[in-house]
Amino acid sequence: MTTLGGARDWYKDVIIYEIPVKSFFDSNSDGIGDFAGLSGRLDYLKGLGVTALWLLPFTDSPLKDDGYDIRDYYNLYPPYGTMEDFQRFLSLAHDRGIRIITELVLNHTSNSHPWFVSASASRSSPFRDYYVWSDTPDRYKGTRIIFSDTEKSNWTWEPRTRQYYWHRFFHHQPDLNFDNPKVQEELLNVVKFWFSLGVDGLRCDAVPYLFEREGTNCENLPETHAFMKRLRSEVDREFPGRMLLAEANQWPQDVLPYFGKGDEFHMAYHFPLMPRLFIAIARGDRTPIIDILEQTPEIPEGCQWAIFLRNHDELTLEMVTDQERDYLWSTYAQDPRMRLNIGIRRRLAPLMQNDRRKIDLMHSLLLTLPGTPILYYGDEIGMGDNIHLGDRDGVRTPMQWSPDRNGGFSRANPSDLYAPVIQNPIYGFQVVNVENQARYPTSPLNTLRQMLAVRQEARLFGRGRMTLLSTKNRSILAYLREMGEDVVLVINNLSDRTESVTIDLKRFKNHVPVELFDKNPFPPIRSPRFHFTVSPYGFFWLKLLPPASPASAPLRHPSRRLGDPSGTGDPPARGARRNKTPLGATSPPRSSSDDVEGISK
């Protein structure tokens with residue numbers, strides 16, 4: 001077993017990168033990614049600035065739901081490799097300071113799991129009570145159907161034993177019966193098995209749905225919290241420093257109990273924030289972001305939100321109003337094939353119409369708002385999607401490494417790949433790939449690499465408090481991130497127009513603004529009102545240094561410069577004009593009146 005040391009709340013400082021093992025790199029030319037291939041790409045991930053990997057399910061499964069239909073909790077899906085391959089991967093990741101977060105599918109198994117095979121064969125099976133059965137489909141009538149596109153009921157008839165079984169998701173994923181103490185023990189043993197191997201964290205899938213009670217919606221029940229507190233207690237006792245992340249697609253106030261008093265989950269996703277980022281940038285109006293942040297309660301000291309732009313599922317629209325859902329569908333998913341369940345199955349770059357300014361702005365929001373950011377594989381190079389593939393497979397296509405055959409993902413025949421590589425003229429692997437983007441300084445890859453490096457240098461983004469700043473211009477979202485004496489002012493222009501904004505900075509009189517990307521200091525703040533002009537979809541990250549602090553030298557940081565991903569200090573390539581992107585050089589401060597100072601970008 002290999003483990004990483006450091007602070008017990010390490011999850012507040014990491015950059016998480018989400019990967020389906022099958023999609024990253026194929027080492028044996030069978031058309032499917034594997035742990036040996038992933039091990040060979042760890043240096044790429046470390047160079048990008050990733051410090052934690054979230055792996056989608058990789059244990060044995062019939063793959064009817066891409067691994068979330070578990071057939072065996074203890075052994076790998078054979079094409080991904082062996083347990084020895086996994087343990088070698090884990091050790092190599094830890095050697096590079098990269099933590100590993102894996103999936104714990106608590107709520108259900110596959111209907112091909114040995115427990116259910118036995119349970120569905122006879123009512124007298126010792127595993128019968130591992131699942132929820134009924135003589136009628138009329139129980140728990142107040143429970144919503146989550147996958148409404150494909151499932152008409154939460155009950156499915158089992159003809160051999162002539163009863164219905166309960167499932168909150170697909171009919172081939174029967175829910176486990178957590179009222180059975182044996183089921184609880186089985187899942188606790190699964191947790192201990194993976195933590196004993198050295199895994200750093202577990203993402204607990206679908207946690208609101210573990211128990212069922214008549215007269216309720218069968219979500220967020222007290223019994224669920226009681227079990228999760230027990231799980232947390234055993235993890236803290238036997239595996240201190242490990243992390244539990246709750247997947248609870250709920251409103252912030254409903255997620256709050258999953259933190260308990262700091263004795264349940266360490267982290268939870270902030271699902272409602274994500275769609276409002278897309279609404280805000282489409283409307284050029286900060287209001288949706290402000291509204292959801294104001295609805296977000298304080299969480300216990302040792303806890304953390306996980307925030308994201310896109311992931312392996314559809315862009316869920318459950319936590320928006322009907323009007324907002326219609327707006328998002330009409331804006332981002334005009335083709336019905338882009339829609340799935342109550343969401344949109346598209347990647348970040350196509351959602352942003354491949355507009356680099358929008359993509360960089362979305363990453364600015366992701367990296368500076370409160371919480372730990374999660375990146376989805378391929379978004380760092382602006383990969384596209386394939387709406388012609390079924391279900392959510394269109395956003396799970398092979399990683400595009402080079403313009404070679406199969407995008408450098410595999411040497412197999414193209415027809416043998418688990419899914420086709422993107423080949424259209426805008427997002428195709430011949431154009432969008434790691435090899436090409438590594439060569440020029442202002443590529444999406446090198447831009448994000450620089451942003452991640454800056455974020456990692458400023459721990460306040462993961463740990464500090466946030467103060468929203470009131471401005472008259474609703475296209476500008478401005479806030480302070482503070483921790484101790486460190487202060488960073490973040491200004492985001494959500495509009496497609498150059499915007500002007502005046503911010504009250506009298507608290508920071510005589511402080512020196514330092515642009516974090518270039519380490520470029522500006523003259524001190526002398527007036528209480530400071531004026532900014534921000535380019536379309538542009539942004540500032542400005543550290544405010546107190547008067548007593550020595551100002552940073554006006555030289556750019558050679559190892560972090562966008563124009564110098566190698567860290568050699570060489571100038572950018574000819575024609576690489578930095579002022580074409582939101583990370584471009586800012587012009588010197590100017591005075592717009594006797595009592596207003598300013599910066600323009």
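What you see below is based on every heavy atom in this structure, not just the backbone, and it leaves out hydrogens, waters and symmetry mates.
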Do you see a donor-acceptor pair shorter than 3.5 Å between the side chains of [X] and [Y]?
X      : Y      : answer
Ser535 : Arg357 : no
Gln250 : Tyr258 : no
Asp360 : Thr447 : no
Tyr427 : Gln400 : no
Thr143 : Tyr209 : no
Ser364 : Asn492 : yes
Asn311 : Glu18  : no
Arg356 : Thr442 : no

Which value, rounded to the nearest 0.5 Å, describes the distance between [X] atom [atom1] and [Y] atom [atom2]?
X      : Y      : atom1 : atom2 : value
Glu247 : Cys204 : CD    : SG    : 10.0 Å
Glu314 : Arg339 : CD    : CZ    : 13.5 Å
Arg459 : Met483 : CZ    : CE    : 5.5 Å

Looking only at heavy atoms, which two atoms of [X] and [Y] are closest? And how far apart?
X      : Y      : result
Phe259 : Pro300 : CB-CD, 3.8 Å
Leu328 : Leu317 : CD1-CD2, 3.5 Å
Met267 : Ala306 : CE-CB, 3.7 Å
Thr368 : Val490 : OG1-CG1, 3.8 Å
Tyr80  : Pro57  : CE1-O, 4.1 Å
Leu369 : Met466 : CD2-CE, 3.7 Å

Close side-chain approach of [X] and [Y], heavy atoms under 4.5 Å:
X      : Y      : value
Asn154 : Ile145 : yes
Glu219 : Arg168 : yes
Ser23  : Tyr418 : yes
Asp200 : Met243 : no
Ile100 : Phe89  : yes
Leu244 : Leu231 : yes
Ile344 : Trp329 : yes
Ser475 : Asn493 : yes

[X] and [Y] aromatic centres sub-6.0 Å:
X      : Y      : result
Tyr376 : Phe308 : no
Phe429 : Phe409 : no
Trp54  : His312 : yes

Check each of Met362, Lys358, Met352 against Tyr537 using the side-chain contact (heavy atoms from CB on, under 4.5 Å) test, and report the only one that passes.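 So, applying the side-chain contact (heavy atoms from CB on, under 4.5 Å) to Tyr537 and each of Met362, Lys358, Met352, only Lys358 qualifies.
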Passing candidate, side-chain contact (heavy atoms from CB on, under 4.5 Å) with Asp9, options Arg463, Gln304, Glu301: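 Running side-chain contact (heavy atoms from CB on, under 4.5 Å) over Arg463, Gln304, Glu301 with Asp9 returns exactly one hit, Arg463.
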Check: [Y] main-chain N/O paired with [X] side-chain donor or acceptor under 3.5 Å:
X      : Y      : value
Gln423 : Gly428 : no
Thr372 : Tyr11  : yes
Asp391 : Asp393 : no
Thr397 : Val421 : no
Trp194 : Glu103 : no
Arg337 : Leu389 : no
Arg345 : Ile387 : yes
His363 : Glu380 : no
Arg96  : Lys46  : no
Arg481 : Leu460 : yes

Take the angle between the ring planes of [X] and [Y] and call it parallel below 30°, perpendicular above 60°, tilted in between.
X      : Y      : result
Phe539 : Trp541 : tilted
Phe211 : Phe178 : tilted
Phe24  : Tyr44  : tilted

Taking only residues two or more places apart in sequence or in another chain, which ones pass salt bridge (charged side-chain N to carboxylate O under 4.0 Å, His left out) with [X]?
X      : result
Glu482 : Arg465, Arg507
Arg346 : Asp385
Asp263 : Lys229

Are more than 12 heavy atoms, taken from residues, nucleotides or ligands other than Glu298, located less than 6.0 Å from that residue's CD atom?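 At most 12 heavy atoms, drawn from other residues, nucleotides or ligands, come within 6.0 Å of this atom.
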Over 12 foreign heavy atoms within 6.0 Å of NZ, Lys543: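 It does not: Lys543 NZ has 12 such atoms or fewer within range.
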Extract all donor-acceptor atom pairs below 3.5 Å that involve side chains of residues 268-285 and protein atoms in other chains or at least two apart in sequence.
unit_1	atom_1	unit_2	atom_2	d
Tyr269	OH	Arg203	NE	2.9
His270	ND1	Leu273	N	3.4
His270	NE2	Thr296	OG1	2.8
Arg276	NH1	Pro272	O	2.8
Arg276	NH1	Met319	O	2.8
Arg276	NH2	Met319	O	2.8
Asp285	OD1	Thr287	N	2.9
Asp285	OD1	Thr287	OG1	2.7
Asp285	OD2	Arg474	NE	3.4
Asp285	OD2	Arg474	NH2	2.6

Trace of the salt bridge (Lys or Arg N to Asp or Glu O under 4.0 Å) decision for Arg392 with Asp65: CA-CA 9 Å; Arg392 290 159 285 191; Asp65 187 22; 3.3 Å; yes
Residues which pass side chain to side chain donor-acceptor pair (under 3.5 Å) with Glu499, listed by chain and number, not counting sequence neighbours: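 Side chain to side chain donor-acceptor pair (under 3.5 Å) list for Glu499, sorted by chain: Asn473, Ser495, Arg497.
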Set of residues satisfying side chain to side chain donor-acceptor pair (under 3.5 Å) with respect to Arg396, sequence neighbours excluded: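 Arg396: side chain to side chain donor-acceptor pair (under 3.5 Å) contacts with Asp66, Asp313.
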Any carboxylate oxygen within less than 4.0 angstrom of a Lys/Arg side-chain nitrogen, looking at Arg144 and Glu318?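 Result for this pair is yes, salt bridge flagged.
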Lys/Arg cation over aromatic Tyr377: Arg347, 6.0 Å, 45° cone: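 Ring-cation test returns yes.
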